[in-house]
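Down below is the structure, laid out as structure tokens.
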There are 2 protein chains.
Amino acid sequence: MSYTIGLDYGSNSVRCIVVNVADGTELATEVFNYPTGDMGIMLDGSDHNVARQNPQDYIDGLEATVKNTIAAAKKADSNFDASQIIGIGVDTTGSTPIPVDEQGRPLGLQDAFKDNLNAMSWLWKDHTGYAEAAEITELAQKYRPQYLAKCGGTYSSEWFFSKILHCLRVDSAVFDAAYTWVEHADYMTGLLTGTSDPRIIKRCRCAAGHKAMFSDTWGGYPDKEFLSMLDPKLGELRDTLSDQTYAIDTAAGDLTSKWASKLGLPGGIPVAMGAIDAHLGAVGAGIGSGTVVQILGTSSCDMVVSPNTDDLPDVPGICGIVDGSVLPGFFALEAGQSAVGDIFNWFVNYIQPGGSKNGSHTALTERAAQLKPGESGLLALDWNNGNRTVLADQRLTGLLLGQTLHTKPEEIYRSLIEATAFGALTIINRFEEYGINIEAVINCGGIAEKNSVLMQIYADVTGREMKVSRSAQTCALGSAIAAAVVAGKANGGYGSFQEAQNAMTGVKDITYKPIPENHKVYAELYGLYKQVHDAFGTDSYSGKLNHIMKDLLAIKERCKG
Amino acid sequence: MSYTIGLDYGSNSVRCIVVNVADGTELATEVFNYPTGDMGIMLDGSDHNVARQNPQDYIDGLEATVKNTIAAAKKADSNFDASQIIGIGVDTTGSTPIPVDEQGRPLGLQDAFKDNLNAMSWLWKDHTGYAEAAEITELAQKYRPQYLAKCGGTYSSEWFFSKILHCLRVDSAVFDAAYTWVEHADYMTGLLTGTSDPRIIKRCRCAAGHKAMFSDTWGGYPDKEFLSMLDPKLGELRDTLSDQTYAIDTAAGDLTSKWASKLGLPGGIPVAMGAIDAHLGAVGAGIGSGTVVQILGTSSCDMVVSPNTDDLPDVPGICGIVDGSVLPGFFALEAGQSAVGDIFNWFVNYIQPGGSKNGSHTALTERAAQLKPGESGLLALDWNNGNRTVLADQRLTGLLLGQTLHTKPEEIYRSLIEATAFGALTIINRFEEYGINIEAVINCGGIAEKNSVLMQIYADVTGREMKVSRSAQTCALGSAIAAAVVAGKANGGYGSFQEAQNAMTGVKDITYKPIPENHKVYAELYGLYKQVHDAFGTDSYSGKLNHIMKDLLAIKERCKG
């Protein structure tokens with residue numbers, strides 16, 4: 001028997017699983033909730049855009065979960081022994097860059113910066129760099145349109161350079177003290193393999209390609225001249241970024257004896273290159289040609305792979321089209337919605353409709369399930385956290401219309417679910433408009449697991465069958481699969497991702513098929529959604545309403561002063 | 001000492017006051033809550049458009065309040081005696097038509113119809129006749145544009161003929177059994193003066209002119225040929241409608257001895273013609289040239305009077321421009337918002353944000369007051385119950401935009417207050433665009449009395465001082481003033497409304513002045529409001545979003561089916 005470990009670093013916690021390489025079953029799983037901040041996220045009361053993490057939580061979570069998972073695995077199967085573990089894989093959120101010193105140590109772990117939010121991990125959903133994102137987009141439109149063509153036409157505030165440039169602008173002490181910045185995934189694999197030194201660290205293809213405009217076509221990261229136009233200091237930073245990046249079929253290195261002994265693992269086993277959670281989630285869900293994997297959590301990621309051919313078009317609004325970032329031999333296309341579960345959480349936690357008893361997710365979902373499509377007269381946009389795909393615009397906000405004097409909380413709740421489904425359909429349509437056919441939809445993530453009402457609405461809205469990944473932990477499973485691949489056939493693993501996926505992934509028996517009469521109503525509602533979407537989200541619309549939400553945000557920021 | 005009685009029939013209750021004619025002070029006031037239905041309103045669970053009242057509540061409320069008020073007045077001042085009462089005035093909601101038999105008795109009070117909602121009073125906010133309203137508007141646009149010119153260009157579902165035609169279409173038994181239909185105000189004055197017989201009843205100018213297209217210009221109510229085109233039976237009904245109507249400076253008749261003895265009042269005292277509550281409210285608030293009276297309750301009415309000259313333009317969207325309906329010698333212009341307090345009530349009662357403790361009006365208002373203008377980033381439209389002025393379109397619904405993942409209930413609550421203020425400003429602007437200058441704003445109604453946060457927001461949004469009427473019961477006071485005028489100087493009353501208003505009305509010391517920096521922000525927000533307002537509410541907008549809310553309502557009605 002061979003096992004691999006999959007580590008999945010999320011927004012609020014890290015999960016570790018021990019997986020049977022033969023069939024992908026999870027022998028044990030343990031979760032460590034980050035102790036710092038608000039559910040692991042360090043916030044700034046005066047600026048909702050701030051979302052940071054404490055790198056110490058990553059290290060503490062690594063030790064706790066691996067040791068606990070091994071103990072739990074032994075309990076679950078007395079034949080299990082840690083010596084049967086043949087490899088480790090890691091996924092993290094991204095783009096989540098960390099400023100590090102010359103040894104690759106996070107500045108936030110050092111006394112001088114331990115109380116400075118800017119020295120911490122800049123979590124994917126940190127939007128402080130929105131102005132810098134716009135600046136980068138504008139400059140690239142003018143001088144390097146090729147950079148934008150592969151990331152949907154707009155550089156996001158959630159991404160690498162927006163965050164680093166923002167730090168440079170607001171906190172030069174941190175920026176100057178940082179030798180370079182590394183993605184969270186790279187920090188983890190560097191740590192485990194003793195390759196943290198920024199001069200030798202292997203950076204993953206996935207975050208570099210999707211979030212930092214890395215492409216072999218132009219020699220890696222954006223060129224120094226371009227970055228210098230943004231700021232000379234950013235140009236200098238370019239020298240610390242390697243010209244090569246690595247996909248998940250590569251090992252970052254071997255587990256150091258120090259970490260092997262700390263964690264109770266065999267020394268020297270390979271650690272696969274890390275990747276962004278959604279990318280390895282797609283692997284764990286069984287992604288392949290013609291399939292979109294929708295990872296539905298607080299936000300969503302929609303992953304598609306397309307055979308590595310030259311005629312793959314640039315798809316406007318798609319956050320990244322990167323060679324080999326999910327599966328070797330395929331281009332990966334990443335799309336997603338900036339908020340899905342977070343919108344429902346907002347409604348339940350902030351608005352608290354009907355008090356805690358009637359306003360829980362469960363109670364609202366039950367009542368929402370009784371409603372027929374179209375019955376509420378409501379229409380919502382799913383932009384409470386901006387729009388990642390297809391508009392790639394963080395400066396958009398939520399919208400609800402159709403309220404009367406009788407509109408009930410469950411009607412609003414359902415309209416918010418429908419809004420996220422309309423958003424998902426907009427993404428699928430965009431892929432297909434550019435010739436990337438979607439034949440199957442596999443869902444994973446907490447919401448896909450738990451919320452059958454939502455899944456049925458997604459089926460009814462999209463007119464497509466919604467399958468659900470067999471594993472509840474596709475991201476961690478994807479990491480474990482990558483570990484099995486880098487371990488190799490000779491060591492009890494696999495020779496290719498296809499072999500590994502065939503053996504280790506699958507979908508559940510339960511599946512959600514569209515109900516024709518519901519789909520018909522939703523087709524009509526989607527027409528209205530799309531019109532409001534385009535009116536408030538694009539400048540191609542003659543009514544010119546697309547400035548409204550941005551003006552309100554500008555007024556808000558000015559008035560909060 | 002002379003006193004008059006003012007009776008004010010509202011949506012949920014009737015109020016009676018005894019007023020000192022010398023200075024307008026209220027000696028006593030009593031309220032009777034209608035026992036029937038949901039707070040006095042008979043609803044139909046399957047159709048939110050239904051809002052009816054039980055005429056028996058009017059009669060029971062009449063007896064109870066008058067007797068109790070007289071008793072309370074005696075208690076308040078031992079010198080008071082009912083014999084000092086020199087007249088009675090009545091106001092009611094409107095258009096609130098009642099189907100009556102040949103003797104003028106409401107069908108709803110008869111055994112055959114006592115369980116039939118269609119035989120009851122059709123309360124002003126009943127919107128079941130929306131399709132008939134559109135039909136009347138369309139027909140009038142084609143054949144009788146002059147009818148529409150004086151009522152804002154659109155005939156409303158809240159008005160007389162929409163309701164009667166709807167009854168004809170859905171319940172011919174009730175329609176056929178009705179000899180005619182009378183407004184609630186006319187029913188009350190007919191009852192008190194023994195002139196209920198439809199052949200002799202005096203109909204008030206106010207409801208006829210503002211809600212039933214009555215004008216001396218074309219010989220009274222709409223002509224028989226026009227009504228017959230809608231339905232031959234409606235044409236026949238025209239014969240039961242008199243060609244003359246009467247303003248509030250006229251007596252409907254004298255109090256019958258039967259009612260005098262029932263109520264403990266002197267027999268033979270004059271009963272002034274009734275009028276719509278808002279109109280007499282304007283009188284009680286001290287309306288005059290250059291003043292708008294904003295009556296802020298569950299909905300709002302904005303009344304303006306303009307000297308009776310020939311060059312008064314038709315004002316698009318203003319619900320009625322009627323000669324003498326508020327003050328003799330003036331045209332009265334009526335505008336209003338279909339929901340003001342009702343929107344806040346919806347948020348508190350239906351959405352129940354934060355549970356009952358944190359989601360009360362008081363708690364939300366307190367927290368909303370801490371926010372600065374513009375700080376929430378939210379923008380709302382005040383259309384949860386349609387738009388009465390300036391769009392005159394019941395088929396519009398609410399809209400909220402700008403929500404993030406951090407938007408709090410009090411921010412939404414404040415944005416709803418701001419939305420109603422923007423709506424009020426839109427009305428003031430419309431008057432001024434057509435040459436009717438507004439020099440002063442006097443507010444009255446429950447909200448003006450109680451909610452200083454809202455009043456300050458209104459001042460900041462409109463950039464105008466908000467005065468508040470001295471009396472908390474301007475409608476009832478207006479009725480009492482009308483009673484003093486029809487009683488006449490010789491009997492201890494007044495020779496004119498101007499004399500009566502000078503003596504009996506006034507404003508409070510407390511007043512709300514615009515804060516310049518707030519007004520500046522709101523001027524900016526109003527620009528955004530107006531753009532969204534026009535985009536969703538008018539067809540002049542190139543973006544053509546004005547079908548969205550109507551399509552959603554059509555889908556809603558179809559899907560509920």
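In what follows, every heavy atom counts, from backbone to side chain, and hydrogens, waters and symmetry copies are set aside. Chain naming here is simple, since letters A, B, ... match the order of the sequence lines and numbering starts at 1 in each.
Chosen from B/F347, B/Y350, B/W383, the residue pairing most often with chain A at heavy-atom distances under 4.5 Å is B/Y350. The most heavy-atom pairs under 4.5 Å with chain A, out of B/G386, B/A380, B/G374, B/P373, come from B/G374. Contact count against chain A (heavy-atom pairs under 4.5 Å) is highest for B/I351 among B/V521, B/I351, B/N349. Annotation: maximal heavy-atom pairing with chain A below 4.5 Å, among B/N384, B/L381, B/D342, occurs at B/N384. Comparing A/L525, A/I412, A/T407 by how many heavy-atom pairs each has under 4.5 Å with chain B, the most go to A/T407.
B/F536 and A/F536 have parallel rings, their planes meeting at less than 30° on a 0 to 90° scale where 60° marks the start of perpendicular. Taking the six-membered ring where the residue is Trp, B/H48 and A/H406 present parallel rings, their angle staying beneath 30° rather than reaching 60°.
B/L552 is not listed as a side-chain neighbour of A/L378, based on a closest heavy-atom distance of 4.5 Å or more. Between A/Q352 and B/Q352, every side-chain heavy-atom pair lies at or beyond the 4.5 Å cut-off. Using a 4.5 Å heavy-atom cutoff, the side chains of B/T404 and A/N385 are not in contact. Contact annotation: the side chain of B/L405 never approaches that of A/N345 to less than 4.5 Å [non-hydrogen atoms, C-beta and beyond].
A salt bridge does not link A/R558 to B/E375: none of the charged nitrogens lies less than 4.0 Å from a carboxylate oxygen.
Heavy-atom neighbours of A/K520 NZ from other residues, nucleotides or ligands within 6.0 Å: at or below the threshold of 12.
Residues B/A535 and A/L545 come closest through the heavy atom pair CB-CD1, 3.9 Å.
Taking CG of A/L400 as the start and CG of B/L401 as the end, the distance is 10.0 Å to the nearest 0.5 Å. Of the inter-residue distances, the one linking B/L528 atom CG with A/D551 atom CG reads 5.0 Å to the nearest 0.5 angstrom. Rounding to the nearest 0.5 Å places CG of B/L379 at 9.5 Å from CE of A/M549. Between the CG atom of B/L416 and the CD atom of A/Q403 there is a distance of 8.5 Å, given to the nearest 0.5 Å.
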